[in-house]
S.K.: 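The structure that follows is given in the form of structure tokens.
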Number of protein chains: 2
Amino acid sequence: MNSLFKALDDPTRRQILEMLKEKDMTAGDIADAFTISKPSISHHLDLLRQANLVISIKEGQFVRYSLNTTVFDELIGWVIGLSEKKSAKKKTTKSK
Amino acid sequence: MNSLFKALDDPTRRQILEMLKEKDMTAGDIADAFTISKPSISHHLDLLRQANLVISIKEGQFVRYSLNTTVFDELIGWVIGLSEKKSAKKKTTKSK
DNA sequence: TGTATAATTAGACAAACATCTAAATATTAT
DNA sequence: ATAATATTTAGATGTTTGTCTAATTATACA
């Protein structure tokens, strides 16, 4: 959960996710979309991978990155959990 | 959006949100739940307020903090937007 | 086998961040 | 008015983070 929020707390990384939403891309193609250096992008991709937000597959000399949407379930679950505020307080005891 | 992700990228701040989910609390009560200093908690509360995740109301000499769930809609919208991956690509042109 | 291309790793550096103590502000009570 | 309590602001400090260049690893091609 920590690595997830950390990964999302950066505009470059969020932009990468939005690019990958459209189509899979190689590390080089992703880097070309930005003005920052390739190693920096590589580092961003590493953090996204650690958070399980992307999956990387080596294809010959290239590495193809794709969005992993499964993590979003966890994120949405967390947000919804918080949204269920104190209003309409439920008993913890099971109702018969 | 940036301030939102930044605010969520800290375990202490997320824990504060979960406490406020249960009930409103004063700054002091929140600080008492942690081992870190009051000024540090005050700073965390400031970031949460900047992100609109909490609302603060001064009540006499106390400041009562409460969770603001409206921002979660925006967050969930963002996540769902990303989840709608490339599969089943839709035309941008309106269907008649 | 050597060279070009793709990507990552290593190490350095400045900016941002979490934390602290001390001081300031605001409110309540004596 | 003075003292006590609640909270924030100011300023300092160590750590984490984003970025860079240079070097390394791995694959493809000629």
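Numbers restart at 1 for each chain; the letters A, B, ... are given by sequence-line order, proteins then strands.
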S.K.: Using C1' atoms of five pairs at each end, report the bend of the helix from C:dT1-D:dA30 to C:dT30-D:dA1 rounded to 10 degrees.
M.R.: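 Computed from the C1' atoms at both ends, the axes differ by 10°.
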S.K.: Is there any salt bridge (charged side-chain N to carboxylate O under 4.0 Å, His left out) pair reaching into residues 46-57 of chain B, and which pairs are they, with sequence neighbours excluded?
M.R.: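 Residue pairs passing salt bridge (charged side-chain N to carboxylate O under 4.0 Å, His left out), neighbours aside: B:Asp46-B:Arg49.
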S.K.: If you measure from OG1 on B:Thr70 to CG on B:Leu75, what distance do you get to the nearest 0.5 Å?
M.R.: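 Spacing of OG1 (B:Thr70) from CG (B:Leu75) equals 11.5 Å.
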S.K.: If you take any heavy atom closer than 4.0 Å to DNA chain C, which residues from residues 47-58 of chain B end up in contact?
M.R.: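 The stretch gives B:Leu47, B:Lys58 as the residues lying under 4.0 Å from the strand, ordered by number.
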S.K.: Show each protein N/O and nucleotides 10-12 of chain C N/O combination with a separation under 3.5 Å, one pair to a line.
M.R.:
none

S.K.: Answer yes or no: is there a side-chain heavy-atom contact under 4.5 Å between B:Ser56 and B:Leu45?
M.R.: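 When only atoms from C-beta onward are counted, B:Leu45 and B:Ser56 do not touch, as no gap falls below 4.5 Å.
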S.K.: Rounded to whole angstroms, how far apart are NZ on B:Lys38 and C1' on C:dA24?
M.R.: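 Computing the B:Lys38:NZ to C:dA24:C1' distance gives 16 Å.
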S.K.: If I take atom CD from residue B:Glu22 and atom CD from residue B:Glu18, how far apart are they, to the nearest 0.5 angstrom?
M.R.: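 Answer for the CD-CD pair, B:Glu22 versus B:Glu18, is 9.0 Å.
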S.K.: State whether B:Ser40 places a side-chain N or O below 4.0 Å from either non-bridging phosphate oxygen (OP1 or OP2) of C:dT19.
M.R.: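 No, B:Ser40 has no side-chain N/O under 4.0 Å of OP1/OP2 on C:dT19.
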S.K.: Looking for any heavy atom pair under 4.0 Å, which part of the strands does B:Arg64 touch: base, sugar-phosphate only, or nothing?
M.R.: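 Answer is nothing: B:Arg64 stays at 4.0 Å or more from every strand.
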S.K.: Yes or no on side-chain contact (heavy atoms from CB on, under 4.5 Å) for B:Ser37 and B:Ile41, after CA distance, side-chain angles and deciding distance?
M.R.: CA-CA 7 Å; B:Ser37 70; B:Ile41 293 294; over 6 Å; no
S.K.: Could you state the NZ-C1' distance from B:Lys6 to C:dA18, rounded to the nearest angstrom?
M.R.: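 After rounding, the gap between these two atoms is 12 Å.
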S.K.: Who are the side chain to side chain contact (heavy atoms under 4.5 Å, CB included) partners of A:Leu17, not counting sequence neighbours?
M.R.: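 Checked A:Leu17 against side chain to side chain contact (heavy atoms under 4.5 Å, CB included); matches are A:Leu8, A:Leu48, A:Leu53, A:Val54, A:Leu67, B:Trp78, B:Leu82.
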S.K.: Apply side-chain contact (heavy atoms from CB on, under 4.5 Å) to A:Ile30 and A:Leu20, showing your working.
M.R.: CA-CA 9 Å; A:Ile30 294 169; A:Leu20 291 179; 4.2 Å; yes
S.K.: Without swapping roles, check the side chain of A:Ser40 against the backbone of A:Ile36 for a donor-acceptor pair under 3.5 Å.
M.R.: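 No, the answer is negative, given that no donor and acceptor are paired below the 3.5 Å cut-off.
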S.K.: For A:Ser42, what residues pass the side chain to side chain contact (heavy atoms under 4.5 Å, CB included) criterion, not counting sequence neighbours?
M.R.: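 Result, side chain to side chain contact (heavy atoms under 4.5 Å, CB included) vs A:Ser42: none returned.
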S.K.: Flag the pair B:Met25 / B:Arg64 as yes when at least one side-chain heavy-atom distance between them is below 4.5 Å, and no otherwise.
M.R.: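 No, every pair of side-chain atoms sits at 4.5 Å or beyond.
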S.K.: Checking A:Phe72 now: which residues fulfil ring-ring contact (aromatic ring centres under 6.0 Å, His included) with it, not counting sequence neighbours?
M.R.: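 Checked A:Phe72 against ring-ring contact (aromatic ring centres under 6.0 Å, His included); zero matches.
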S.K.: What contact category does B:Tyr65 fall into here, base, sugar-phosphate, or nothing, at under 4.0 angstrom with non-hydrogen atoms?
M.R.: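 Answer is sugar-phosphate: B:Tyr65 comes under 4.0 Å of backbone atoms only.
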S.K.: Could you walk me through whether A:Phe34 and A:Thr12 pass the side-chain contact (heavy atoms from CB on, under 4.5 Å) check?
M.R.: CA-CA 8 Å; A:Phe34 296 88; A:Thr12 300; 3.7 Å; yes
S.K.: Linking Ile, Leu, Val, Met, Phe, Trp and Tyr by side-chain heavy atoms under 4.5 Å, what else ends up with A:Ile57?
M.R.: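 Its cluster mates, by chain and number, are A:Ile55.
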S.K.: Return the value, rounded to whole Å, for the distance between atom CD1 of B:Ile36 and atom P of C:dC17.
M.R.: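 Distance check: B:Ile36 CD1 to C:dC17 P gives 16 Å.
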S.K.: Return the 5'-most residue of the pair A:Glu59, A:Arg13 with respect to DNA chain D, ranking by each residue's nearest nucleotide.
M.R.: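 Result: A:Arg13.
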S.K.: I want to verify a distance call: between C:dT21, C:dA18, C:dC17, whose nearest atom is closest to the B:Ser37 side chain?
M.R.: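 In terms of side-chain proximity for B:Ser37, the closest of C:dT21, C:dA18, C:dC17 is C:dT21.
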S.K.: Rounded to whole angstroms, how far apart are NE2 on B:His43 and C1' on C:dA16?
M.R.: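 Taking NE2 of B:His43 and C1' of C:dA16, I get 10 Å after rounding.
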S.K.: Quick one: salt bridge (charged side-chain N to carboxylate O under 4.0 Å, His left out) pairs with a partner in residues 5-14 of chain B, sequence neighbours left out?
M.R.: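 Pairs touching residues 5-14 of chain B that pass the test: none.
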S.K.: A:Asp29 vs A:Thr26, test: side-chain contact (heavy atoms from CB on, under 4.5 Å). Steps then yes/no.
M.R.: CA-CA 5 Å; A:Asp29 286 342; A:Thr26 66; 3.3 Å; yes
S.K.: Mind checking if A:Asp46 touches a base, just sugar-phosphate, or nothing, with heavy atoms under 4.0 Å?
M.R.: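 Touches nothing.
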S.K.: Can you build the contact string for nucleotides 1-6 of chain C? Use B for base contact, S for sugar-phosphate-only contact, and - for no protein heavy atom under 4.0 Å.
M.R.: ----BS
S.K.: Strictly by salt bridge (charged side-chain N to carboxylate O under 4.0 Å, His left out), give each pair with a member in residues 30-42 of chain A just once, sequence neighbours left out.
M.R.: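 Counting only pairs at least two positions apart or across chains, the salt bridge (charged side-chain N to carboxylate O under 4.0 Å, His left out) contacts touching residues 30-42 of chain A are A:Asp32-A:Lys38.
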S.K.: Going 5' to 3' along DNA chain D, between which two nucleotides do contacts with chain A fall, using a heavy-atom cut-off of 4.0 Å?
M.R.: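 Contact span on the strand: D:dT17 to D:dA28.
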S.K.: In terms of the nearest nucleotide of DNA chain C, which residue is placed more toward the 5' end: A:Asp9 or A:Ile41?
M.R.: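 Nearest nucleotide further toward 5': that of A:Ile41.
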